[in-house]
Amino acid sequence: TGRTYDGQTYSPLKRINRETVGNLALVWRTPLRPGNSMPMPLVHEGVMFLHTFPDTVLALDATNGQVLWRHQYEPKGPSSQKMGLALHGDKVLVPTSDLHVLALRAKTGELLWDHEIAPPTPAMRGQYNLRSAPLVVKDKVIQGVTASFVPKGGFVLAIDLESGEETWR
């Protein structure tokens, strides 16, 4: 996750520098449910998107913290650690605790598609997790799948951005 498509996170802002940084002050805050999560905020056009525990996406007005919408996904099983989400066009792309990738409408939180990632065998489902934010490359959503104690390890797959169908693994 970064400020630009090539992962540059350094801010080009000129008004915040070594001389002015001490003048920054808290403007708003919002409580998040405690849980296993390290949400990386994603801010675009005045909206802050957060992926937090338990499988919750929040869209907040970045100027005052007001909740614009909330999408609560109900995983089959316990909620896992959240590391981030992605935004592309009108879609917020969300990895879930139970191997789904969701596309939500950025303005409303409406579910556009839900892609379930099938593990190599059904018995191996609990050994895989989605820890990283998706990465959009052209018309594909790239998602890494981590693995615990699996002989061949995890894998990477691509999902069609419009249809939600898996295109390669």
Side-chain angles (χ1 to χ4, degrees), residues 1-12 32 35-45 47-60 68-169:
T1 305
R3 183 183 57 78
T4 62
Y5 286 120
D6 61 350
Q8 297 298 311
T9 58
Y10 181 80
S11 173
L32 300 177
N36 193 11
S37 152
M38 299 187 304
M40 167 72 107
L42 192 146
V43 180
H44 182 69
E45 295 183 352
V47 178
M48 178 182 289
F49 299 94
L50 279 175
H51 189 201
T52 188
F53 185 85
D55 285 86
T56 303
V57 178
L58 298 172
L60 308 166
L68 302 173
W69 56 259
R70 172 187 319 265
H71 182 86
Q72 180 66 54
Y73 177 78
E74 299 294 335
K76 298 171 190 85
S79 183
S80 63
Q81 188 173 32
K82 303 299 173 284
M83 300 298 281
L85 39 76
L87 178 69
H88 188 80
D90 68 339
K91 293 176 181 67
V92 178
L93 302 153
V94 185
T96 72
S97 295
D98 60 353
L99 302 180
H100 288 244
V101 176
L102 312 176
L104 306 177
R105 187 173 311 282
K107 296 282 185 198
T108 64
E110 168 195 0
L111 180 66
L112 298 172
W113 51 256
D114 176 346
H115 176 76
E116 183 174 6
I117 299 170
T121 67
M124 299 174 83
R125 177 166 292 283
Q127 295 172 296
Y128 292 94
N129 284 290
L130 305 181
R131 295 276 192 248
S132 62
L135 174 67
V136 178
V137 178
K138 296 185 181 179
D139 63 344
K140 303 290 185 271
V141 179
I142 311 299
Q143 180 67 60
V145 181
T146 64
S148 298
F149 308 106
V150 175
K152 292 184 180 180
F155 55 93
V156 176
L157 60 94
I159 301 167
D160 182 83
L161 183 61
E162 292 307 312
S163 70
E165 297 296 319
E166 189 169 317
T167 59
W168 57 259
R169 180 179 292 213

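The shortest heavy-atom contact between Gly144 and Leu130 is O-CD2, 3.7 Å. Between Pro75 and Asp98, the closest heavy-atom pair is CA-OD2, 3.4 Å. Between His51 and Pro95, the closest heavy-atom pair is CE1-O, 2.9 Å.
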Practice task
Begin with the C-alpha distance, continue with both residues' side-chain angles, and end with the deciding distance and a verdict on side chain to side chain donor-acceptor pair (under 3.5 Å) for Tyr73 and Asp114.
Solution key: CA-CA 11 Å; Tyr73 177 78; Asp114 176 346; 4.7 Å; no
Practice task
Using the salt bridge (Lys or Arg N to Asp or Glu O under 4.0 Å) rule, take Arg125 and Glu116 through it: C-alpha gap first, then chi angles, then the decisive distance, then the call.
Solution key: CA-CA 11 Å; Arg125 177 166 292 283; Glu116 183 174 6; 3.0 Å; yes
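Every pair passing ring pair (Phe, Tyr, Trp, His ring centres under 6.0 Å) that includes a residue from residues 108-137 is listed here, sequence neighbours excluded: Tyr128-Phe155.
Rounded to the nearest 0.5 Å, atoms OG1 (Thr167) and CG (Asp160) are 6.5 Å apart. Going from atom CE of Met48 over to atom CG of Leu68 covers 11.0 Å, rounded to the nearest 0.5 Å. Atom NZ of residue Lys76 and atom OG1 of residue Thr96 lie 8.5 Å apart, to the nearest 0.5 angstrom. In this structure, CG on Leu135 lies 10.5 Å from CG on Leu93, to the nearest 0.5 angstrom.
The backbone N or O of Ala106 sits less than 3.5 Å from a side-chain atom of Trp69, completing a donor-acceptor pair. A donor-acceptor pair under 3.5 Å is formed between the side chain of Gln143 and the backbone N or O of Ser132. The main-chain N or O of Asn129 is found under 3.5 Å from a side-chain atom of Thr146 such that the two form a donor-acceptor pair.
By the side-chain contact (heavy atoms from CB on, under 4.5 Å) test, Arg105 is found to be paired with Asp90, Thr108, Glu110, Leu112, residues two or more places apart in sequence or in another chain being considered.
Inspection of the Gln72 and Thr56 side chains reveals an N or O donor paired with an N or O acceptor under 3.5 Å. Side-chain atoms of Asp55 and Ser79 form a donor-acceptor pair, as typed in the model, at a separation below 3.5 Å.
Heavy atoms from other residues, nucleotides or ligands lying under 6.0 Å from CZ of Arg169 number more than 12.
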